[in-house]
Amino acid sequence: AMFFASEMIRNTSCRIILIYSGLFQGLLWLPTAFIKNLEIFMIIAFIFGLCFGAFEIALNLYASNLEKREKKSMMSGFHAFWSLGVLFGSVATSLFVEWKISFLNNILVYVIILLPINLLFVFNLIEDQKSSESDKKNIFFIWPIIIIAMANALTEGSVDAWGALYMRDYIKVDGFQIGLATISFNIFMVLGRLSGDWFRDKLGVYKLLIILFCLTILSLIILMFFNSIVLSILGFAILGMGTSSIIPIAYSLAGKIKGIEGSVGITIVSIAVYGTFMGAPASLGLLANAYGVNNIFIPMLIIFIFLLIPIKIYKNEFRL
């Protein structure tokens with residue numbers, strides 16, 4: 001859906017796409033508790049993915065337009081609430097499982113509560129203004145944004161897919177301690193995103209990116225070479241802080257590039273990010289299997305060090 005989202009938004013509006021894609025996402029949850037056939041489930045999941053992809057583009061574009069209208073940084077804060085949603089949803093579902101509440105009731109609680117709230121707020125959004133930018137695609141500055149977003153997605157995906165195995169196989173812990181990697185990473189990612197807009201306005205995009213990259217590089221070194229539980233938790237915490245605002249910054253910049261429509265820029269970044277999320281876990285798994293799970297951080301370390309070069313080259317453009 002991300003390939004077609006910009007055209008759909010151009011012909012309608014962010015508000016219209018959010019209404020219909022949000023409605024269909026809610027309704028598509030309802031039959032899942034009754035599906036017992038894998039092929040049918042895959043069809044439902046595919047349609048849900050189409051709705052989610054369009055929703056994702058429209059929401060980020062609306063946030064980018066809101067930033068431009070209000071003339072202040074807001075994207076990192078919006079992504080902080082996305083992260084909180086993931087965290088609260090995971091905790092709520094875990095409690096449903098612990099309390100042996102049926103999957104159907106789990107779905108009904110989500111749909112009955114979240115769908116009306118979603119529609120209520122979307123119906124009250126201000127109609128977004130049509131972009132006056134030329135449709136001519138100027139990729140002169142879009143490519144470093146894409147690469148930075150992909151590098152960050154690679155890092156986020158590695159923690160989601162391999163953080164628990166890192167704690168089990170490299171740090172040699174078990175039980176609740178296995179989950180400490182993901183917990184510390186996500187807590188500090190939320191904290192970093194909640195404070196990211198304030199730091200961006202105070203420091204500027206360029207200085208903030210340098211700080212975030214240095215924190216990420218430091219955390220990757222800790223995770224590669226030290227195998228104590230205290231340092232591993234510290235490493236994942238620093239990694240969460242370091243990677244917290246990079247993708248929000250990428251979305252924000254992509255929506256403001258001169259000569260390219262905001263919907264197109266955000267779509268390109270989204271495709272790059274979600275493409276990385278799809279490919280990264282398997283690729284890193286091959287590396288972990290061959291050389292050890294701690295060595296999955298080697299390519300990330302190399303990438304983040306080399307990406308300091310284009311950030312320096314495009315220093316002035318990162319002030320958009």
Side-chain angles (χ1 to χ4, degrees), residues 1-29 41-68 74-76 78-79 81-83 85-86 89 118 122 125 128 130-131 133-139 141-157 160-161 193 243 245-257 259-283:
M2 291 180 174
F3 285 100
F4 309 106
S6 62
E7 187 65 28
M8 290 190 295
I9 293 169
R10 187 184 297 116
N11 292 329
T12 55
S13 67
C14 290
R15 186 169 173 268
I16 294 297
I17 298 300
L18 289 172
I19 290 171
Y20 284 101
S21 59
L23 177 63
F24 282 117
Q25 284 183 84
L27 295 179
L28 284 167
W29 266 110
F41 181 76
M42 290 171 66
I43 293 171
I44 296 291
F46 179 78
I47 299 171
F48 186 92
L50 293 175
C51 296
F52 179 82
F55 192 91
E56 175 89 2
I57 298 293
L59 200 58
N60 277 297
L61 178 59
Y62 193 92
S64 177
N65 291 338
L66 190 60
E67 275 192 323
K68 287 185 279 189
M74 304 169 76
M75 187 68 77
S76 185
F78 292 138
H79 278 249
F81 283 94
W82 180 87
S83 298
V86 173
N118 176 71
V122 172
L125 292 178
D128 40 312
K130 297 296 181 182
S131 174
E133 293 287 354
S134 164
D135 195 35
K136 182 180 179 181
K137 310 300 187 297
N138 177 12
I139 62 170
F141 180 53
I142 192 73
W143 73 265
I145 297 176
I146 292 171
I147 296 174
I148 288 170
M150 290 177 69
N152 197 79
L154 176 66
T155 307
E156 284 190 46
D160 289 339
R193 286 181 168 177
T243 58
S245 294
I246 295 176
I247 285 182
I249 287 173
Y251 276 122
S252 182
L253 294 177
K256 299 175 184 175
I257 299 173
I260 183 170
E261 288 191 26
S263 60
V264 175
I266 287 174
T267 297
I268 293 171
V269 171
S270 294
I271 292 171
V273 167
Y274 280 89
T276 305
F277 280 146
M278 285 192 293
S283 302

J.: Are the side chain of Thr276 and the backbone N or O of Ala272 linked by a donor-acceptor pair below 3.5 Å?
T.: yes
J.: Supply the atom-to-atom distance Ser64 OG to Met75 CE, rounded to the nearest 0.5 angstrom.
T.: 5.0 Å
J.: If I compare all heavy atoms of Ala54 with all of Met8, which pair ends up nearest, and what's the gap?
T.: CB-CE, 4.0 Å
J.: Taking salt bridge (Lys or Arg N to Asp or Glu O under 4.0 Å) as the definition, give me every residue that meets it alongside Glu56, ordered by chain and number, with sequence neighbours left out.
T.: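 Testing Glu56 for salt bridge (Lys or Arg N to Asp or Glu O under 4.0 Å), a comparison that skips the adjacent residues, returns none.
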J.: Between Tyr274 and Phe277, how do the two ring planes meet: parallel, tilted or perpendicular, split at 30° and 60°?
T.: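 Ring orientation, 0 to 90° scale: perpendicular.
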J.: Is there a side-chain contact between Phe55 and Ile17 in this structure, where contact means two heavy atoms from C-beta onward sitting under 4.5 Å apart?
T.: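 Counting from C-beta outward, Phe55 and Ile17 never come under 4.5 Å.
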J.: Rounded to the nearest 0.5 Å, what separation is found between the CD atom of Glu7 and the OG1 atom of Thr12?
T.: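 Taking CD in Glu7 and OG1 in Thr12, the distance rounds to 9.5 Å.
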J.: Would you please name every residue forming a side-chain contact (heavy atoms from CB on, under 4.5 Å) with Ser83, sequence neighbours left out?
T.: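 So Ser83 forms a side-chain contact (heavy atoms from CB on, under 4.5 Å) with Met189, Val190, Arg193.
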J.: Output the distance between atom CD1 (Ile246) and atom NE2 (His79), rounded to the nearest 0.5 Å.
T.: 13.0 Å
J.: CD1 of Ile9 to CD1 of Ile16: how many Å apart, nearest 0.5 Å?
T.: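 Rounded to the nearest 0.5 Å, the CD1-CD1 separation comes out at 11.5 Å.
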J.: Please list, chain by chain and in numerical order, all residues satisfying side-chain contact (heavy atoms from CB on, under 4.5 Å) with Leu66, sequence neighbours excluded.
T.: Arg69, Glu70, Met74, Phe78
J.: I need the minimum non-hydrogen distance between Phe48 and Gln25, along with the two atoms involved.
T.: CE1-O, 3.5 Å
J.: Rounded to the nearest 0.5 Å, how far apart are CD1 of Ile47 and CZ of Phe24?
T.: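 Going from CD1 on Ile47 over to CZ on Phe24, the span is 10.0 Å.
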J.: Give the table of side-chain donor-acceptor pairs shorter than 3.5 Å for residues 263-271, with sequence neighbours excluded, one pair per line with atom names and distance.
T.:
from: Thr267; atom 1: OG1; to: Ser263; atom 2: O; distance (Å): 2.6
from: Ser270; atom 1: OG; to: Tyr251; atom 2: OH; distance (Å): 3.0
from: Ser270; atom 1: OG; to: Ile266; atom 2: O; distance (Å): 2.9

J.: Applying the side chain to side chain contact (heavy atoms under 4.5 Å, CB included) criterion to Cys14, which one of Asn60, Leu61, Ile57 satisfies it?
T.: Leu61
J.: Kindly write out the residues that satisfy side-chain hydrogen bond (donor to acceptor under 3.5 Å, both in side chains) with Thr155, not counting sequence neighbours, or none if the list is empty.
T.: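 Once residues adjacent in sequence are excluded, Thr155 has no partner under the side-chain hydrogen bond (donor to acceptor under 3.5 Å, both in side chains) criterion.
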J.: With rounding to the nearest 0.5 Å, note down the distance linking OG in Ser252 to CD1 in Ile247.
T.: 13.5 Å
J.: List the atom of Lys68, the atom of Gly255, and the distance in Å for their closest heavy-atom pair.
T.: NZ-O, 2.9 Å
J.: Side-chain polar contacts of residues 144-154 - donor-acceptor pairs under 3.5 angstrom, sequence neighbours left out - could you list them?
T.:
from: Asn152; atom 1: ND2; to: Glu156; atom 2: OE2; distance (Å): 2.9
from: Asn152; atom 1: ND2; to: Thr243; atom 2: O; distance (Å): 3.4

J.: Minimum heavy-atom separation for Met2 and Gly53, please, with both atom names.
T.: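 Nearest pair, atom of Met2 first, then Gly53: CG-O, 4.0 Å.
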